[in-house]
Amino acid sequence: MADLLVFAGGLELKNPMLAASGCFGYGLEADPVIPPSLFGGIVTKTITPAPRRGNPVPRLAETHAGMLNSIGLENVGLDAFLADKLPALEDVDSKIVVSVSAGSAGEFAEMAERLAEHARVDALELNLSCPNVAEHGRNFAADPAAVAAIGKAVRRVFARPMWIKLSPNVTDISEVARAAQDAGADAVTAINTLLGMDINIDSGKSPFARVTAGLSGPAILPVALAAVWRIAREGGIPTIGVGGASSAKGLLKFLAAGAEAVQLGTVLFSDPGAPQRILDDLATHLDAQGHTNLNSLREQWKEQA
Amino acid sequence: MADLLVFAGGLELKNPMLAASGCFGYGLEADPVIPPSLFGGIVTKTITPAPRRGNPVPRLAETHAGMLNSIGLENVGLDAFLADKLPALEDVDSKIVVSVSAGSAGEFAEMAERLAEHARVDALELNLSCPNVAEHGRNFAADPAAVAAIGKAVRRVFARPMWIKLSPNVTDISEVARAAQDAGADAVTAINTLLGMDINIDSGKSPFARVTAGLSGPAILPVALAAVWRIAREGGIPTIGVGGASSAKGLLKFLAAGAEAVQLGTVLFSDPGAPQRILDDLATHLDAQGHTNLNSLREQWKEQA
Amino acid sequence: MSGELSAAYRSGRVRALKRDGLYYHLSMEAPGLAPSEPGAFFMIGLGEIESPAPDPLLMRPMSVLNHDGDFVDILFKVVGRGTELLAAAEPGDSLRLLGPLGRPFSRAAQPQPILVGGGAGVPPLCFLSRRLSAEGIAHRVLFGFNSADDVPDSALSKLSQEPEIFTLDGRRGQKGHTVAALAGDREAGRIQACGPGPMLEALKKVRQPGEAMELSLEERMACGMGFCRGCVRPVATGDDWRYATVCREGPVFDADDLVDVNEAGEVCLQEEGSCG
Amino acid sequence: MSGELSAAYRSGRVRALKRDGLYYHLSMEAPGLAPSEPGAFFMIGLGEIESPAPDPLLMRPMSVLNHDGDFVDILFKVVGRGTELLAAAEPGDSLRLLGPLGRPFSRAAQPQPILVGGGAGVPPLCFLSRRLSAEGIAHRVLFGFNSADDVPDSALSKLSQEPEIFTLDGRRGQKGHTVAALAGDREAGRIQACGPGPMLEALKKVRQPGEAMELSLEERMACGMGFCRGCVRPVATGDDWRYATVCREGPVFDADDLVDVNEAGEVCLQEEGSCG
Ligand SMILES: Cc1cc2nc3c(=O)[nH]c(=O)nc-3n(C[C@H](O)[C@H](O)[C@H](O)COP(=O)(O)OP(=O)(O)OC[C@H]3O[C@@H](n4cnc5c(N)ncnc54)[C@H](O)[C@@H]3O)c2cc1C
Ligand SMILES: Cc1cc2nc3c(=O)[nH]c(=O)nc-3n(C[C@H](O)[C@H](O)[C@H](O)COP(=O)(O)OP(=O)(O)OC[C@H]3O[C@@H](n4cnc5c(N)ncnc54)[C@H](O)[C@@H]3O)c2cc1C
Ligand SMILES: Cc1cc2nc3c(=O)[nH]c(=O)nc-3n(C[C@H](O)[C@H](O)[C@H](O)COP(=O)(O)O)c2cc1C
Ligand SMILES: Cc1cc2nc3c(=O)[nH]c(=O)nc-3n(C[C@H](O)[C@H](O)[C@H](O)COP(=O)(O)O)c2cc1C
Ligand code: FES
Ligand code: FES
């Protein structure tokens, strides 16, 4: 059977399938329905310096082939994460990528320093799709200079792989990816959720307290593929693809677009059997095409250029 | 039965449902399957100064609850439009909004001047989701200054309603809407297609010669609603909503988000019965809620604020 | 989180679907599931276990009406697209089941259980009543419906004791709300309730001093297993509060743990939210 | 555009679905449609006419195998998701039909029609052959399939004349390609063909001097009515060329009108395209 090993964003992953941040909790909640060791890597729920309660309900809505979420970065905070969540992952046979978010470059760096002390942290993913308090809530990920500043601050204190997660809600995502590259990131993760909303036609209002919310799921796959392709064709920085993948076919599309690995988000809710099925289908696909590993498939794609 | 009349973008429309540009040709092709007079207004396929052949096939792909198109602005050009297409619309009982695109503000204004000579042209919609030749192909709609310049140039020569169509592929759509407002536009149309792509996993390539394409259909409804809401809450300029509407419910969501009228695009392909059904369902909804017109529904939404 | 997940994700086959009053009674066969306790629920997805983009995308939470070996029954009301499609299921169709999930009702003889169900909240209490009867535990059962036509007689006929029926139209059982029947002085029991929010609020007001009370709550759900954080309710933590997941720490909560939070959560730093 | 649209959009009911060789034969009842000519097609959508977001979203073009009053038949091959779902239709299910659409084959006795069909291109030619026979027009019918197992015998049995069958595996009819049978000197006829692109290209090479030739083409379609401009092919306009719509100006084209365009269209101003 074909080997699914990949090198992605500075990590050796036993397979190119990761759990996306916020879509697999702290890694253990779904066990044994979704065994964490299935994944090449697990990206944790985004951790902030202090615990956050997040937004009031409703936090979810369903859309055509997608969903909206307004969780509001609910998380236990860094201390509790280090004390309770991280140690519990000790025996998980997947790389652990800790997603972090904070209000300033300095705070990001402080978190990174503390996380660097823990060997179980294989990599960091900086979630910048969050507001810059200093800049009147403007999203960090929409501002190449902010991305570069945060990336550099973390880079100074964190030597293991650093991924920067990008928002699709920008005019030119490759510009932001270049800023991440300049900051020394090992990869960019693309994409976070699209800005979206729903309306209740009785009240005429959004169901969400924050009005807008984040769109994810199969509906956004074409947008995510375009984002990955636009970043990858510049050849500057590796990408980790995320957004709407729900099958081996979707995962392969990301790899063909240029991603080194692919994260699964919404599909972990809509179909918890997907991770196992995707691994099986990936191996079957490679075997059927006579490839013993993913690189061989990549080479074939290149030759057809 | 409730009256569906609305005032939208400077026009009195007998109902708030328009055909979106590029999704209803020059207005007559689908007759009598979709009678053009059903609509409050028809936005024509985008016309350019010279005829354009558009892109090679494949021009279409299907995605989850959406589709990608890469038509490439195929159109007969302004001369043939004025000679053949516009006169044929004489007896259509809908407002005619002519969508135009060009490579510079000057070209836009020249087109507007010629269109202004024709009484059947009720309004113009400037399609700015197209490349600015001078600025190395950067999309006009991504550049508030370009939007303002084009808008002003057209405004000087065209006194009837002028709508400016916005792209969702920007960091801050309300900033672009403000530029349209400054230029004296009567409304902005939001949104054009999202940048997306597909991949054929055998070749590892996009099926499209231009690689990326435009995503439309129910998948993008949440993104379009958020765009309309973000523009409308500033209160500066009226919006015409477009993106993924496929039912009376979808249309009402746009109105609640702040749109004055709503365009139908992809649904005209996926379900040519939709326009008639939407009008019926709209009237039924208003009647059931005891409203004699749409303003009364809007008032009720406001009161619940 | 409360305890290990005993849930499994399995393909189920529709055995029968029949109307029962206002509701649909769906019987499924799904091998390989752990036994369910009353109050537990399943996430039910339409379509085969292999669908790449199921429609609707998210599975729907449904309380267990009965679970016996390989056979799972639910009783549901059509309220939207998902339940509409479920109501069109045909024998032999495949469904996807994830469960059993959630913290169930407690089962104890003392104080005496008083089961109070309203509308679509009745199914888990039917299961509870049958189980209590099987265990020889005496209990009261009060079920309320809007109309006599709503009453799921077939499901109720399987109970070992006649429920006290209340209907708003008064054409069946007693006219009025279940809650009204519990007003005034009574001996304190253990209220175990499931139903619409206003019913649960009203119940709190007729609670006797020291009376035990378990409420089963509903929230929109995505994962059903506690990791998407979509389905939360505020619960007390000493002087403060935190969000608990309805799917994992509930759906059954001790009424004493539930708090009203006026500020309705911490304000996200962003005015508009798209941060996960 | 070529002529007025005679199409209607109607709800159809599945009457029967049966395997026929490699294909599925779907019979539908759909009142209120104009009669179809051979070569015409329908856009077929899954689900009720009221669905707000049908899945798959776009309807699928399918040639008419037969259209008789309220009854429309098609013959199709499963190649992807849409045809897979169509192959799961059951009698009584609702489908959506838009049609008849497109420019049909011409029908004339002289020069003698030579119908050449390959694989899923056979259905419209079955319709044409039956119609020609009914009109007393003598014609040849050559149908090619990959394998003997592919042959849709039931559909072919309804023709008034035995088609000449060609299979690549040689287990049925003559071994080899239909096109090879037309190579060499022959009397010039009117080739009327539908099949895979390479078959049509090969046909052009065996065309006799002055031979009439009509080719039915396939392209991905969205609207089917000529207004989305999604389904184009280059056709000659004097010294130049333009894109014609396969759904409206085709699917049947005069071979002489079709051109090869190397540059494959005008280059969109944008390197990456999202402009409609
Ligand atoms: C633990 C639990 C157990 C449940 N058990 C049953 C049961 O035994 N029988 C039964 O009929 N119903 C039950 N429900 C409710 C059921 O899940 C919803 O009715 C169903 O998800 C609606 O799906 P839909 O697609 O038809 O509606 P949608 O179109 O999604 O929504 C229609 C309406 O229902 C509301 N709604 C949707 N989902 C939920 C939800 N999860 N919780 C509360 N309101 C919701 C929406 O706000 C909306 O007003 C239960 C819910 C939970 C959380
Ligand atoms: C005018 C016309 C008449 C047709 N008549 C018949 C018929 O009688 N019987 C029959 O079996 N098929 C016919 N086809 C082809 C049929 O429309 C496609 O096989 C079908 O749309 C595929 O849908 P899908 O969802 O199963 O495949 P998808 O998953 O959409 O695609 C699977 C594969 O089929 C190709 N494909 C999809 N749509 C088309 C298309 N419209 N044209 C060409 N290739 C396509 C794709 O490129 C892909 O390789 C006809 C096509 C046209 C344009
Ligand atoms: C419920 C939910 C919570 C999420 N939380 C986070 C988060 O905490 N941090 C983050 O970087 N992304 C978060 N995301 C975004 C996902 O990681 C992912 O980028 C996005 O959902 C697109 O992928 P998908 O379509 O596969 O879900 C969240 C998404 C969802 C649906
Ligand atoms: C096939 C196709 C062609 C289009 N052509 C144009 C166009 O010429 N000009 C334009 O402004 N928008 C064009 N659009 C965009 C639509 O007008 C609309 O903004 C978009 O499709 C979103 O709406 P929808 O989801 O309802 O289709 C086109 C869209 C499609 C699908
Ligand atoms: S549904 Fe995901 S946490 Fe409860
Ligand atoms: S399918 Fe729309 S023009 Fe042919």
Side-chain angles (χ1 to χ4, degrees), chain B residues 21-26 29-33 45-46 52-62 65-67 69-74 101 103 127 129-131 133 137 139 169 192-196 208-215 217-218 246-247 249-250 266 268-273 277, chain D residues 1 4-11 43 45 47 49-60 80-82 96 98-99 101 219-234 240-243 245-248 261 263-276:
Chain B
S21 179
C23 302
F24 201 55
Y26 301 107
E29 292 92 329
D31 195 24
V33 173
K45 175 75 195 168
T46 297
R52 285 174 59 90
R53 279 180 181 137
N55 293 334
V57 288
R59 290 178 168 189
L60 305 170
E62 200 177 51
M67 62 176 280
N69 88 78
S70 175
I71 308 294
L73 286 186
E74 172 174 353
S101 192
N127 175 5
S129 299
C130 276
V133 186
N139 213 306
N169 306 309
N192 215 311
T193 52
L194 289 169
L195 191 72
F208 299 113
R210 309 290 165 234
V211 187
T212 57
L215 179 65
S246 62
S247 64
K249 205 168 158 182
T266 302
L268 302 179
F269 314 149
S270 63
D271 181 5
R277 192 179 65 244
Chain D
M1 258 197 278
E4 271 294 286
L5 205 58
S6 65
Y9 181 56
R10 291 283 181 274
S11 196
M43 297 293 287
I49 219 146
E50 299 87 12
S51 355
D55 178 34
L57 190 66
L58 300 176
M59 298 192 277
R60 300 294 195 255
R81 197 172 127 69
R96 300 172 293 130
L98 170 67
L101 294 162
E219 260 320 317
R220 293 210 150 240
M221 293 182 176
C223 73
M225 295 184 272
F227 60 88
C228 77
R229 308 300 305 177
C231 69
V232 296
R233 283 294 181 102
D240 207 359
W241 64 274
R242 65 179 182 87
Y243 277 127
T245 52
V246 173
C247 66
R248 190 93 185 231
V261 179
E263 64 197 296
E266 183 181 17
V267 174
C268 175
L269 294 173
Q270 228 171 350
E271 192 214 296
E272 305 155 37
S274 79
C275 60

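Below, chain A is the first sequence line, B the second, and so on; all start at residue 1. Bear in mind the structure is a predicted one, so any value in this text is a computation, not a measurement.
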Using non-hydrogen atoms and a 4.5 Å limit, figure out which bit of B:Ala30 sits close to chain D: side chain, backbone, both or neither.
both
Under 4.5 Å heavy-atom distance to chain B, tell me which part of [X] shows up: side chain, backbone, both or neither.
X: D:Pro234; result: neither
X: D:Ala8; result: backbone
X: D:Arg60; result: side chain

So, taking the atom named CG in D:Leu57 and the one named OG1 in B:Thr266, what distance separates them when rounded to the nearest 0.5 Å?
7.0 Å
Would you compute the distance between atom SG of D:Cys228 and atom CE of B:Met67 and round it to the nearest 0.5 angstrom?
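Here the rounded value is 6.0 Å.
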Max heavy-atom pairs within cutoff under 4.5 Å with chain B, candidates D:Arg220, D:Arg96, D:Met221, goes to D:Arg96
Residue among D:Arg81, D:Glu219, D:Arg242 with most heavy-atom pairs under 4.5 Å to chain B
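Heavy-atom pair counts peak at D:Glu219.
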Polar side-chain atom of D:Arg229 near backbone of B:Arg59 as donor-acceptor pair, under 3.5 Å
no
Just by modelled atom types, is the D:Leu58 backbone N or O under 3.5 Å from a matching donor or acceptor in the B:Glu62 side chain?
yes
side-chain contact (heavy atoms from CB on, under 4.5 Å) between D:Phe227 and B:Tyr26, worked out
CA-CA 8 Å; D:Phe227 60 88; B:Tyr26 301 107; over 6 Å; no
Does any non-hydrogen side-chain atom of B:Arg53 lie less than 4.5 Å from one of D:Asp240?
yes
Less than 4.5 Å apart, side chain to side chain, heavy atoms only: is that true for D:Met225 and B:Val33?
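When only atoms from C-beta onward are counted, B:Val33 and D:Met225 do touch, with a gap below 4.5 Å.
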Working for side-chain contact (heavy atoms from CB on, under 4.5 Å), residues D:Tyr9 and B:Asp271
CA-CA 9 Å; D:Tyr9 181 56; B:Asp271 181 5; 2.6 Å; yes
Heavy atoms of B:Ser270 and D:Pro54 approach each other most closely as O-CG, 4.2 Å
What pair of heavy atoms forms the shortest contact from B:Phe269 to D:Cys223, and how long is it?
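Between these two residues, the closest heavy atoms are CD2-CB, 3.6 Å.
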May I ask you to name which of B:Gly22, B:Ser247, B:Pro272 has the most heavy-atom pairs under 4.5 Å with chain D?
B:Pro272
